[in-house]
Novice: 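Can you read through this structure? Questions will come right after.
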Amino acid sequence: MFFYKTLHEEILRGINESLFAVEGNFDVILNETKKEFEGHVTFVVFPLVKQAGKSPEVIGETLGNWLINNSTIVEKYNVVKGFLNLSLKDSFWLEAFSKIQQKEYFSSRKPTGEKVLVEYSSPNTNKPLHLGHIRNILLGWSVSKILEFEGNEVVTTQVINDRGIAICKSMLAWKKWGEGKTPETTGIKGDHFVGDFYVKFEQEFVKEYTAFSESEEGGKIYLGQKKENQEKTDFFKVFKNTYFNEFSPLGAEARNMLLEWEAGANDTIQLWKQMNGWVYEGFDTTYKTLGVSFDSVYYESETYILGKKVVEEGLVKGVFYRLPDSSVWIDLEDAGMDKKIVLRSDGTSVYITQDIGTAIKRYEDFGAKKMIYTVADEQDYHFKVLFEIAKRLGEPFADGLFHLSYGMVDLPTGKMKSREGTVVDADDLIAEVISEAKLNAGERGELAHMTVEEQENIFYKIGLGAIKFFIIKVQPQKRMIFDPKESVDMQGATGPYIQNAFVIIQSLFRKSDSATQNKTFMLPETLNEGEKTLIQLLMSFPEVISNAAKQYEPSGVANYAYTLAKEFHKYYHETRILSAETASLIDFRLSLSKEVANALQTSLNLLGIEMPDRM
RNA sequence: GGCUCCGUAGCUCAGCUGGAUAGAGCAACUGCCUUCUAAGCAGUAGGUCUCUGGUUCGAAUCCAGACGGAGUCACCA
């Protein structure tokens, strides 16, 4: 609120001189005046009532009067109940505007010297990315951009779950039914290709399981193990996992493959590398389309051993303890959590062990004392435990760990379920929203003169702007309902609405007389309310970004950009810009528009959204 | 059951470091393109901010409890 520093001081002086002596540091809190009242800034006088010994109205009048006579900024005031509404002089707005025009205003802040690592995406390699990943990726990316803007040195990273039974299922299915096909020979994107074999495995497994449940052997098991009054279909719903592990030939083959992988069997490792390679190619395409990138990547197949050494050291320090069956634990009950296993009795590591190891490895690699994990809220407890363990191990980064938790994405029909085929695929969604942008643009005809390539680029920016804004405007901690129909909508509070405000401004500059552009203009003597509102919004830009950085929360930036775009649309409608009364007024309005465009573009860039020049 | 998160208009969401008569968008209805891009603007209608208590001059916002929804409490990840 550095624009209001002088006003703060003046109000404080006013209280001292017209009401009573202020003791200590009294906090003058200013609010923006609500639209339905006259004024720009409101000072609430209720907190002064007791000390002043006067009614709120009298205090407001007294202070307002004092400001009229002594303030360099306040032009008018009015008092409504305990609210002192202040109208500020045009000179104040113009001075503020000249600060906004300085180059640094929309550039990233001076380096803080702080290094921050941001983890996001972190998928499994057995299926393509879906809507849930998109929310994760957009959040993580946006937070990394915002932190970077605030002067932090940011390292983006992910840890890929590239091992385990899931990928073995895909591998087995490909081996059995793949007929040597590849993404190249089929023209299917690599991650989808591998995902299709995962689905194929499940289909074959279900066939096998159905046959089993109808067989004589299955019948015996049902009769022998069923609970009282349990229907056969209900029993076999629950029994599926046990069947996979204890009876299924396919299950046995898949598990055998996992054992071979762990033993380092050559053929299996080759196949594993081959299939994961296809998946990574597919992921890379999607990441590229989404406009995100990673400075580093960790693989669970490499990091899962890392934690073990740490556990051994922690045992010596007494942070962990070993049970007779040789499993290793940590007792977090005094911190309000449970006991947690960190090494299995067979000496292998569990999920959290890897995470401890990975965190330490990352600290060795990058020396970032702040690490942010973008992971869905189903893992809230996991990260609470992880961070507590880091603390007890005395890791230097333990206090800088943050779980950027976000709610799951639901569909209007309910939860996304891969088994029921209701998962929204990332690539499909992106394609859909781009073609919707194309459809809309076709109706408008603004782009008719451009080459196909230029047009495609614009549809892409608009489509991605729509989807990204739609997801990022919702606060992370809230579960969100994703309506595919709404997400491709480009009217109202959407990415394209904001892009449109930007595009209109670009058009103004194209149409304005180039001789008058960027010339130093005479400041107009009077500003209209729309101009003051825009300047006031531009003034709050730094605060919006720094709040987003402090809270690791980009939704405020999205909402800010929308508010600003809305005010601009309104201003544009009410105020003539290119045909203003004087040349200098034209210049001023163009300059103001330009700063609005800067604010919109900078804000949306921090959300990973690009601006088209036309649409 | 313990813990965590969520509950605001028909729907999707803002507002939450306490301030005025709780705001947008969508959907519905009315106007506005011979004037700078109508992906726009203006308007009508829509509310017991889940409920109950507490703190306060003042509570959607803070605290406690209840109700409803979700998640989690694995030698899964």
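Keep in mind the model is a prediction, meaning the values are calculated, not measured. Below, chain A is the first sequence line, B the second, and so on; all start at residue 1.
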Novice: Picking from A/Asp377, A/Thr374, A/Asp380, what satisfies side chain to side chain donor-acceptor pair (under 3.5 Å) with A/Ser405?
Specialist: A/Asp380
Novice: Would you mind telling me which of B/C57, B/U12, B/G25 lies closest to the side-chain atoms of A/Ala493?
Specialist: B/G25
Novice: Ignoring hydrogens and angles, answer whether the base of B/A14 and the side-chain atoms of A/Ser555 contain a donor-acceptor pair closer than 3.5 Å.
Specialist: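 Not at all, since no donor on one side and acceptor on the other fall under 3.5 Å apart.
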Novice: What distance, rounded to whole Å, do you find between the two C1' atoms, one in B/A70 and one in B/A27?
Specialist: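 Each nucleotide's C1' atom is 27 Å from the other's.
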Novice: Can you tell me the distance, in whole Å, between the OH atom of A/Tyr572 and the P atom of B/U35?
Specialist: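 A/Tyr572 atom OH is separated from B/U35 atom P by 11 Å.
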Novice: Which nucleotide, B/C57, B/C75, B/C3, lies nearest any side-chain atom of A/Phe46?
Specialist: B/C57
Novice: With the side chain of A/Ile504 defined as its heavy atoms from C-beta on, choose the nearest nucleotide among B/G25, B/A20, B/U37.
Specialist: B/U37
Novice: Of the options B/A77, B/C3, B/A70, whose atoms approach the side-chain atoms of A/Arg479 most closely?
Specialist: B/A70
Novice: A/Asp380 CG to B/G71 P: how many Å, rounded?
Specialist: 13 Å
Novice: Using the benzene-type ring in the case of Trp, are the ring centres of A/Phe402 and A/Tyr552 under 6.0 Å apart?
Specialist: yes
Novice: Of the listed nucleotides (B/C75, B/G40, B/G71), which one gets closest to any side-chain atom of A/Asp325?
Specialist: B/C75
Novice: Please report the distance separating the P of B/A9 from the corresponding atom of B/U61, rounded so that it comes out in whole Å.
Specialist: 15 Å
Novice: Does the ring center of A/Phe83 lie less than 6.0 Å from the ring center of A/Phe43?
Specialist: no
Novice: Of all the choices, B/U37, B/C26, B/G71, which nucleotide is nearest to the side chain of A/Gln491 once you look at every atom?
Specialist: B/C26
Novice: Under 5.5 Å between ring centres and under 30° between planes: does that hold for A/Tyr497 against the base of B/G40?
Specialist: no
Novice: Under the rule syn = chi within 90° of 0, otherwise anti, which is B/C33?
Specialist: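 For B/C33, whose glycosidic angle is within 90° of 0, the conformation is syn.
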Novice: Is there a Watson-Crick or G-U wobble partner for B/A24 with both distances under 3.5 Å, and if so, which one is it?
Specialist: B/U12
Novice: Within the modelled atom types, does a donor on one side and an acceptor on the other bring the side chain of A/Ser507 and the base of B/C36 under 3.5 Å apart?
Specialist: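 No.
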Novice: If B/A38 has a Watson-Crick or G-U wobble mate with both distances under 3.5 Å, name it; if not, just say none.
Specialist: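 B/A38 is unpaired by these criteria.
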Novice: If I take atom CG in residue A/Leu48 and atom P in nucleotide B/U56, what distance separates them, rounded to the nearest angstrom?
Specialist: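 Rounded to the whole Å, the gap is 19 Å.
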Novice: Can you tell me if the side-chain N/O atoms of A/Lys566 get under 4.0 Å from OP1 or OP2 in B/G40?
Specialist: no
Novice: If only side-chain N and O atoms count, and only distance matters, is there a donor-acceptor pair under 3.5 Å linking A/Thr33 with A/Thr42?
Specialist: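 Per modelled atom types, A/Thr42 and A/Thr33 side chains form a pair under 3.5 Å.
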Novice: Partner of B/G46 by Watson-Crick or G-U wobble geometry, both contacts under 3.5 Å, or none?
Specialist: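 None - no nucleotide pairs with B/G46, as no candidate has both distances under 3.5 Å.
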Novice: Are A/Tyr562 and the base of B/A24 stacked, counting only ring centres nearer than 5.5 Å and planes tilted under 30°?
Specialist: no
Novice: Are A/His403 and A/Phe387 near enough that their ring centres are under 6.0 Å apart?
Specialist: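 Aromatic pair excluded; centres sit 6.0 Å or further apart.
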Novice: Any N or O donor-acceptor pair linking the side chain of A/Asn85 to the base of B/A20 at under 3.5 Å?
Specialist: yes
Novice: The side chain of A/Gln475 is closest to which nucleotide in this list: B/C16, B/U72, B/U21?
Specialist: B/C16
Novice: Counting heavy atoms from C-beta on, name the nucleotide in B/C73, B/C6, B/A20 closest to the side chain of A/Val80.
Specialist: B/A20
Novice: Given B/G19, B/U21, B/A77, identify the nucleotide with an atom nearest to the side chain of A/Lys81.
Specialist: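 From the listed options, B/U21 comes nearest.
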Novice: Tell me which nucleotide among B/A14, B/U21, B/U37 gets nearest to the side chain of A/Glu446.
Specialist: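 The closest nucleotide is B/U37.
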Novice: Please give the distance between the C1' atoms of B/G19 and B/A59 as a whole number of Å.
Specialist: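 After rounding to an integer number of Å, I get 10 Å for this pair.
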Novice: Please state whether the rings of A/Trp261 and A/Trp272 are parallel, tilted or perpendicular, taking 30° and 60° as the class boundaries.
Specialist: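 Perpendicular: the ring planes of A/Trp261 and A/Trp272 meet at over 60°.
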Novice: Is there a Watson-Crick or G-U wobble partner for B/G1 with both distances under 3.5 Å, and if so, which one is it?
Specialist: B/C73
